[in-house]
Enquirer: 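This structure is in structure tokens; I'll ask about it shortly.
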Amino acid sequence: MSSTIEHKIKSLVRQSILELYSQEVSDSSIQLQKTNKEFTAHYTVVVFPFLKISKKAPEATANEIGNYLISHSACVSSFSAIKGFLNLVVADEQWINELNEIHLNEQFGLTEVSEQSPLVMIEYSSPNTNKPLHLGHVRNNLLGHSISEILKANGNKVIKTNIVNDRGIHICKSMLAWQKWGKGATPESTGKKGDHLIGDYYVLFDKHFKAEVAALQTEKGISKEEAEAQSPLMNEAREMLRQWEAGDADVRSLWTKMNGWVYEGFEKTYQLMGVSFDKIYYESSTYLEGKSKVMEGLKNGVFVQNEDGSVWADLTPNGLDQKLLLRADGTSVYMTQDIGTAKLRFDDYPINKMVYVVGNEQNYHFQVLSILLDKLGFGWGKDLVHFSYGMVELPEGKMKSREGTVVDADDLMEEMINTARETSEELGKLDECTAEEATEIVRMIGLGALKYFILKVDPKKNMTFNPKESIDFNGNTGPFIQYTHARICSILRKAETQGIILPSEVPATIQLTSKETGLIQMLAEFEDTVKDAGNTFSPALIANYIYELVKEYNQFYHDYSILKEENSDLRAFRILLSKNVAKIIKSGMQLLGIEVPERM
RNA sequence: GGUCGGGUAGCUCAGCUGGAUAGAGCAACAGCCUUCUAAGCUGUGGGUCAUGGGUUCGAAUCCCAUCUCGAUCACCA
């Protein structure tokens, strides 16, 4: 509740109760909500909580307060009392003022970042360099990008970061397979994107490995586990990892070359997706960092050492288990690396808050990390945010890379763009565009459909994606919203060619319909929606808000003339209203990382 | 088994800091383009809000129990 109108009403209600019933009530005890659609009013005061004070029936109490509001302020123009609900109609003049204010503020709903703003670091994406990005990563990237935008819009300095998992046995598998069967293939020689090329060798390794295990089982009559342990291929991969860790020049240069291919591939994917990072960390240069911090903790008595030399954190006082931090041989585990990365980041930036965008399968990991960072003295450790999101599932269940059921990010985006082009051509929407414009529009629509589809659902929920039923372009979709924006832009262009000059302010004398005041009311709600989205880490809130706004606008568009309105004040008002709807659509979609075209 | 998160229309999802007759979209059916972009608008049908109890003037929403789905509880990352 932050619009000026809401504040006015609240303080009026408080005043009325004081005068009518001689009781002080706090603002928080006044339930002011948006009136349900079936009633023609703007705000509703729930009077049930005041019955004990008024000692009257609900309807009588509502009437008394309503009468008071009418006679003491021009803000409320009429009211109706139904049961315990006092429905208030706000005067047109108030709404026009509200619209004028919104209109004058280009950044309406957004909070500016200042020197004093807190610094938030957001980690997202975090890919492995042995395979291309898939649908799960897409959700991660879109959420990460969007939440960055939303936190910026709430007045935070944001540093977007990516921790690339560029080392480990899985990387060695790809490297080994390429060495054995690659015949020197490169992205150039094959015409493949680097990440896809490497992904192919990862799959190839798995294929050969499985065949080898099966052969061992039949040859020697041993169990699958034994065969896997004996597998020469796997042993070779392990040996390669040892050589990598020892800094073997040949292995390292192969590693550098192949990872380079992958990064080039990732960069293309990121660019198309529209995400970026301010600072990238590589696990190969952070994975040793955690050790010193853990040893420091051991010295300070935060951690304990086992007889075999392994180091543990005892989290039983926190209701959790014991957690290993260093193996007996002194090597680090996942948790140690995250501590190390945290240390580097803390050294690099004055972080006030750390946000990790990571899937919900790691809820436990981050619960532990939070406790450990706190114990190690990181100021933001205790309050770190694990922005946890659900899995993307296919109709037949979870995606599995080995079974080839993953939906590839590049393929998916390309497909969406192709579908957008087909649909646009069918509808004849591209007829008046140059080829370049068409490509640009079609890209925005295809990606808009995909992004909106993913971001409109509550992040914490698992979501289903059916590749066979392609993502819709009608209804509650990105293109629907983009279309509305394009439509408004078209009106504004026409207004300009007709030589209609917009006043900087609309005179407060015109009469509005409830559709129009309702739209202004919705525009004003953008401010609270952005705040809510920031507080609850929910791009979905923004998505659903824009959808409601757009639906409302389309009804208005259908029911009323804008450019053909004869009363020039009213016409100016409607153009201005439309313009500001477009502005909020654009701002809101920007928070989701979705572009909006000016024509489509 | 412990912990965490879900279960709302045939499908995909809103609504969850308690408020009026539970909402959208898709799919199905029926209308609206000589009029500002029909990727739009309007209408019809579709619900035991998993189940049972409790708190309250009022519960999809809060509490308890049960059922059910998922994640996690690795010297993998």
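Small disclaimer: the values here were computed from a predicted structure and weren't measured. Sequence lines set the chain letters: A, B, ... in the order given, protein chains first and strands last, and positions in each chain run from 1. Computed from heavy atoms alone, side chains included, the values below leave out hydrogens, waters and symmetry copies.
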Enquirer: Between B:U61 and B:U8, how far apart are the two P atoms, rounded to whole Å?
Expert: 14 Å
Enquirer: Report the base-pairing partner of B:G10 (Watson-Crick or G-U wobble, both distances below 3.5 angstrom), or none.
Expert: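 Checking every strand shown, B:G10 finds its partner in B:C26, with both distances under 3.5 Å.
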Enquirer: Taking atom C1' of B:C73 as reference, at what distance in whole Å does atom CG of A:N363 sit?
Expert: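 Distance, rounded to whole Å: 12 Å.
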Enquirer: Distance between the C1' atoms of B:A71 and B:G31, in whole angstroms?
Expert: 48 Å
Enquirer: Which label fits A:F209 and A:F205: parallel for a plane angle under 30°, tilted from 30 to 60°, or perpendicular past 60°?
Expert: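 Ring orientation of A:F209 relative to A:F205: parallel.
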Enquirer: If only side-chain N and O atoms of A:K429 are considered, is one of them under 4.0 Å from the OP1 or OP2 phosphate oxygen of B:U37?
Expert: no
Enquirer: Please determine, for the side chain of A:Y557, which listed nucleotide (B:U37, B:C75, B:G15) has the closest atom?
Expert: B:U37
Enquirer: Any N or O donor-acceptor pair linking the side chain of A:D308 to the base of B:C75 at under 3.5 Å?
Expert: yes
Enquirer: Counting only side-chain nitrogens and oxygens, does A:R327 get under 4.0 Å of the OP1 or OP2 atom of B:C76?
Expert: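 Looking at the OP1 and OP2 atoms of B:C76, one of them is under 4.0 Å from a side-chain N or O of A:R327.
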Enquirer: Rounded to the nearest 0.5 Å, what separation is found between the CD1 atom of A:I82 and the CG atom of A:N63?
Expert: 10.5 Å
Enquirer: Of the options B:A14, B:G25, B:C13, whose atoms approach the side-chain atoms of A:K461 most closely?
Expert: B:A14
Enquirer: With a centroid cutoff of 5.5 Å and a plane-angle limit of 30°, would you call A:F48 stacked on B:G58?
Expert: no
Enquirer: Decide if the gap between the ring center of A:Y21 and the ring center of A:F50 is smaller than 6.0 angstrom.
Expert: no
Enquirer: Is the base of B:C26 syn or anti, if syn means a glycosidic angle within 90° of 0?
Expert: anti
Enquirer: Among A:V357, A:L142, A:D458, whose side-chain contact (heavy atoms from CB on, under 4.5 Å) with A:Y389 holds?
Expert: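 Among A:V357, A:L142, A:D458, the one meeting side-chain contact (heavy atoms from CB on, under 4.5 Å) with A:Y389 is A:V357.
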Enquirer: Going by the angle between their ring planes, with limits at 30° and 60°, are A:F453 and A:F465 parallel, tilted or perpendicular?
Expert: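 Judged by the thresholds at 30° and 60°, the geometry between A:F453 and A:F465 is perpendicular.
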Enquirer: Taking B:U72 as the reference, what is the distance to B:U55 when you measure between their C1' atoms (whole Å, please)?
Expert: 33 Å
Enquirer: Among B:U37, B:C75, B:A39, which nucleotide sits nearest the side chain of A:F473?
Expert: B:A39
Enquirer: Given atom CG of A:N544 and atom P of B:G15, what is their separation to the nearest angstrom?
Expert: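 About 6 Å, once rounded to whole Å.
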Enquirer: Provide the distance between the two P atoms, one in B:G23 and one in B:A28, to the nearest whole Å.
Expert: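 Comparing P positions in B:G23 and B:A28 gives a spacing of 24 Å.
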Enquirer: Do the side-chain N or O atoms of A:K456 get closer than 4.0 angstrom to the phosphate oxygens (OP1, OP2) of B:A14?
Expert: no
Enquirer: For the P atoms, the ones on B:G25 and on B:G43, what distance do you get once it is rounded to whole angstrom?
Expert: 10 Å
Enquirer: For the side chain of A:K564 and the base of B:U35, is some donor closer than 3.5 Å to an acceptor across the two?
Expert: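 There is none.
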Enquirer: Choose from B:U12, B:C41, B:A77 the nucleotide whose nearest atom is closest to any side-chain atom of A:E283.
Expert: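 Closest nucleotide among those given: B:A77.
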Enquirer: Which whole number of Å gives the distance between the C1' atom of B:C69 and that of B:A59?
Expert: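 Per the computed distance, 24 Å lies between those C1' atoms.
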Enquirer: Got a donor-acceptor pair under 3.5 Å from the side chain of A:T477 to the base of B:A39?
Expert: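 Check fails, no donor-acceptor contact within cut-off.
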Enquirer: Which nucleotide in the list B:A39, B:U12, B:A77 gets nearest to the side chain of A:T423?
Expert: B:A39
Enquirer: Tell me which nucleotide, if any, is Watson-Crick or G-U wobble paired with B:G45 when both distances must be under 3.5 Å.
Expert: none
Enquirer: Using the six-membered base ring of B:G19, report whether A:F85 stacks on it, requiring centroids under 5.5 Å and planes under 30° apart.
Expert: no
Enquirer: Think A:K323 has a side-chain N or O under 4.0 angstrom from the OP1 or OP2 of B:C75?
Expert: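 False: A:K323 side-chain N/O out of range (4.0 Å or more) of B:C75 OP1/OP2.
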Enquirer: When the C1' atoms of B:G15 and B:A9 are considered, how many whole Å apart are they?
Expert: 14 Å
Enquirer: Would you say A:N360 places a side-chain N or O within less than 4.0 Å of OP1 or OP2 belonging to B:A71?
Expert: no
Enquirer: What is the base-pairing partner of B:U66, counting Watson-Crick and G-U wobble geometry with both distances under 3.5 Å?
Expert: B:A50
Enquirer: When you get a sec, tell me which of B:U37, B:C26, B:C41 is the closest nucleotide to the side chain of A:N474?
Expert: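 Nearest to the side-chain atoms of A:N474, counting from C-beta on, is B:C26.
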Enquirer: Nearest to the side chain of A:K551, which nucleotide is it out of B:A20, B:G25, B:A77?
Expert: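 Out of B:A20, B:G25, B:A77, the nucleotide with an atom closest to A:K551's side chain is B:G25.
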Enquirer: Please report the distance, rounded to the nearest Å, between CG in A:D321 and C1' in B:U72.
Expert: 11 Å
Enquirer: Using distance alone, with no hydrogens and no angle criterion, decide if A:Y553 and A:S578 have a side-chain donor and acceptor under 3.5 Å apart.
Expert: yes
Enquirer: Given that both distances must come in under 3.5 Å, which nucleotide forms a Watson-Crick or G-U wobble pair with B:A59?
Expert: none
Enquirer: With a 4.0 Å cutoff (strictly under), does any side-chain N or O of A:R167 reach OP1 or OP2 of B:A77?
Expert: no
Enquirer: Looking at A:S424 and B:A39, is any side-chain donor or acceptor paired with a base atom of the opposite kind under 3.5 Å?
Expert: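 In this structure, the two groups form a donor-acceptor pair.
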Enquirer: Using the C1' atom as the point on both nucleotides, what is the distance between B:A20 and B:C26, in whole Å?
Expert: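 Roughly 29 Å separates the two C1' atoms.
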Enquirer: Which of the following nucleotides, B:A71, B:C36, B:C75, is nearest to the side chain of A:E361?
Expert: B:A71
Enquirer: Among B:A38, B:C36, B:C41, find the nucleotide with the atom closest to the side chain of A:F480.
Expert: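 Among B:A38, B:C36, B:C41, the one nearest the side chain of A:F480 is B:C41.
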Enquirer: For B:U17, which nucleotide is its Watson-Crick or G-U wobble mate, given both distances must be under 3.5 Å?
Expert: none
Enquirer: Using a distance-only test with no angle check, is there a side-chain donor-acceptor pair under 3.5 angstrom linking A:R238 and A:N235?
Expert: yes
Enquirer: Calculate the interatomic distance between A:Y364 atom OH and B:A77 atom P; express it in whole Å.
Expert: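 Between P of B:A77 and OH of A:Y364: 16 Å.
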Enquirer: Kindly say whether, by distance alone, the side chain of A:N87 makes a donor-acceptor pair under 3.5 Å with the base of B:A20?
Expert: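 Yes.
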Enquirer: Would you call A:E552-A:K515 a salt bridge at under 4.0 Å N-O?
Expert: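 Looking at A:K515 together with A:E552, the answer is yes, because their closest N to O distance falls below 4.0 Å.
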